[in-house]
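Positions are given from 1 along the sequence.
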Amino acid sequence: VQLQASGGGLVQAGGSLRLSCAASGGTFSMHHMGWFRQAPGKEREFVAAITWYGSNKYYTDSSKGRFTISRDNAKNTLYLQMNSLKPEDTAIYYCAARNRWNITDFSTTYTSPSTYYYWGQGTLVTVSS
């Protein structure tokens, strides 16, 4: 499956952005999905994840309450609504996918980049203070 992230941009602290990740070339609805981010000089870190049917959503302490992950399987699209943005949210945001058929422990491995087989190209989010 090919992933294309979009929706990044420059926003002031306290503002909002909605990221999108369009999937093609595979059965999007059969994939668990995740959002990661990578700031300059830092490792890629987990932001949020959602299971293939959307029944379970996972967040970090930092993203919980401010970010909302969702998916529209009919549109083959993953979303990340980001509110109350902070300068420390500045990073390149990546979407990632893992087929549900070849993993049984997604609920315990969703934070690891190695769990995901497919990655989008990233979209830059810059939050100014």
Side-chain angles (χ1 to χ4, degrees):
V1 62
Q2 290 79 48
L3 304 174
Q4 179 79 31
S6 62
L10 174 63
V11 63
Q12 289 188 332
S16 298
L17 281 174
R18 188 175 82 155
L19 306 184
S20 298
C21 175
S24 61
T27 308
F28 173 75
S29 62
M30 292 294 107
H31 287 76
H32 301 307
M33 301 296 297
W35 285 102
F36 287 75
R37 67 187 184 187
Q38 188 166 18
K42 294 188 177 181
E43 293 186 352
R44 191 168 298 190
E45 65 175 6
F46 169 77
V47 176
I50 186 168
T51 51
W52 67 281
Y53 198 66
S55 55
N56 292 309
K57 301 178 182 181
Y58 307 99
Y59 300 94
T60 65
D61 288 342
S62 174
S63 61
K64 190 171 186 178
R66 297 190 301 127
F67 295 0
T68 301
I69 189 170
S70 62
R71 65 190 298 160
D72 187 335
N73 285 345
K75 295 183 178 179
N76 292 338
T77 304
L78 174 75
Y79 303 100
L80 184 69
Q81 177 67 44
M82 304 187 295
N83 299 327
S84 302
L85 283 162
K86 305 175 182 179
E88 51 263 43
D89 294 319
T90 295
I92 299 174
Y93 283 70
Y94 299 89
C95 54
R98 175 67 180 265
N99 192 299
R100 68 179 284 256
W101 296 112
N102 57 23
I103 185 169
T104 58
D105 58 350
F106 184 75
S107 63
T108 60
T109 60
Y110 58 85
T111 62
S112 173
S114 63
T115 292
Y116 302 83
Y117 287 173
Y118 308 101
W119 291 83
Q121 86 292 353
T123 185
L124 177 62
V125 172
T126 303
V127 184
S128 63
S129 57

Self-check item: Nearest-0.5 Å distance, CD of residue Gln121 to SG of residue Cys21
Solution: 8.0 Å
Quiz item: Under a single-linkage definition using a 4.5 Å side-chain heavy-atom cutoff for Ile, Leu, Val, Met, Phe, Trp and Tyr, are Ile69 and Met30 assigned to the same hydrophobic cluster?
Solution: no
Quiz item: Looking at OG1 of Thr126 and CD1 of Ile92, how far apart are the two atoms once the value is rounded to the nearest 0.5 Å?
Solution: 9.0 Å
Quiz item: Can you tell me if Ser112 and Ser114 form a side-chain donor-acceptor pair at under 3.5 Å?
Solution: yes
Quiz item: Heavy atoms, side chains only, cut-off 4.5 Å: are Thr51 and Tyr58 in contact?
Solution: yes
Quiz prompt | Note, Leu78 side chain near Leu3 side chain (heavy atom, < 4.5 Å) | solution = no
Quiz item: Hey, does the side chain of Asp72 reach the backbone of Lys75 with a donor-acceptor pair shorter than 3.5 angstrom?
Solution: yes
Quiz prompt | hydrophobic_cluster_shared for Tyr117 and Phe28, side chain cutoff 4.5 Å | solution = yes
Quiz item: Would you find a donor on one side and an acceptor on the other, under 3.5 Å apart, between the side chain of Thr123 and the backbone of Ala5?
Solution: no
Quiz item: Going by the side-chain hydrogen bond (donor to acceptor under 3.5 Å, both in side chains) test, which pairs reach into residues 19-32, not counting sequence neighbours?
Solution: none
Quiz item: What heavy-atom pair brings Phe67 and Leu80 nearest, and what distance separates the two atoms?
Solution: CB-CD1, 4.1 Å
Quiz item: With sequence neighbours left out, what residues match Phe36 under ring-ring contact (aromatic ring centres under 6.0 Å, His included)?
Solution: Phe46, Tyr116, Trp119
Quiz prompt | Considering all heavy atoms, the nearest Arg37-Ala91 contact | solution = CB-CB, 3.8 Å
Exercise. Test the Arg98-Phe106 pair against the cation-pi criterion, namely NZ or CZ under 6.0 angstrom from the six-membered ring centroid and within 45° of the ring axis.
Key: no
Self-check item: Minimum heavy-atom distance Ile50-Lys57, with the two atoms named
Solution: CD1-CE, 3.8 Å
Quiz item: Which heavy atom of Ser128 sits nearest a heavy atom of Leu10, and at what distance?
Solution: CB-CD1, 4.3 Å
Quiz item: Nearest heavy-atom pair of Ala97 and Met33: which atoms, and what distance?
Solution: CB-SD, 3.4 Å
Exercise. Return yes if some donor-acceptor pair links the side-chain N/O of Ser84 with the main-chain N/O of Arg66 below 3.5 Å, else return no.
Key: no
Quiz item: Less than 4.5 Å apart, any side-chain heavy atom of Trp52 and any of Asn99?
Solution: no
Quiz item: Where do Ser129 and Ala13 come nearest, in terms of heavy atoms and distance?
Solution: CA-CB, 4.4 Å
Quiz item: In terms of hydrophobic clustering (I, L, V, M, F, W, Y; side-chain heavy atoms under 4.5 Å; direct or indirect links), are Trp35 and Leu17 co-clustered?
Solution: yes
Quiz item: What about Trp101 and Val1, same hydrophobic cluster or not, with Ile/Leu/Val/Met/Phe/Trp/Tyr joined at side-chain heavy-atom distances under 4.5 Å?
Solution: no
Exercise. Quick one: pull up OG1 in Thr109 and CD1 in Ile103 and give me the separation to the nearest 0.5 Å.
Key: 3.5 Å
Practice problem: Name all pairs fulfilling the disulfide bond (SG atoms under 2.5 Å apart) condition that reach into residues 97-129, sequence neighbours left out, sorted by first residue then second. | Solution: none
Quiz item: Any link between Met82 and Val127 through a network of hydrophobic side chains (Ile, Leu, Val, Met, Phe, Trp, Tyr) touching at under 4.5 Å?
Solution: yes
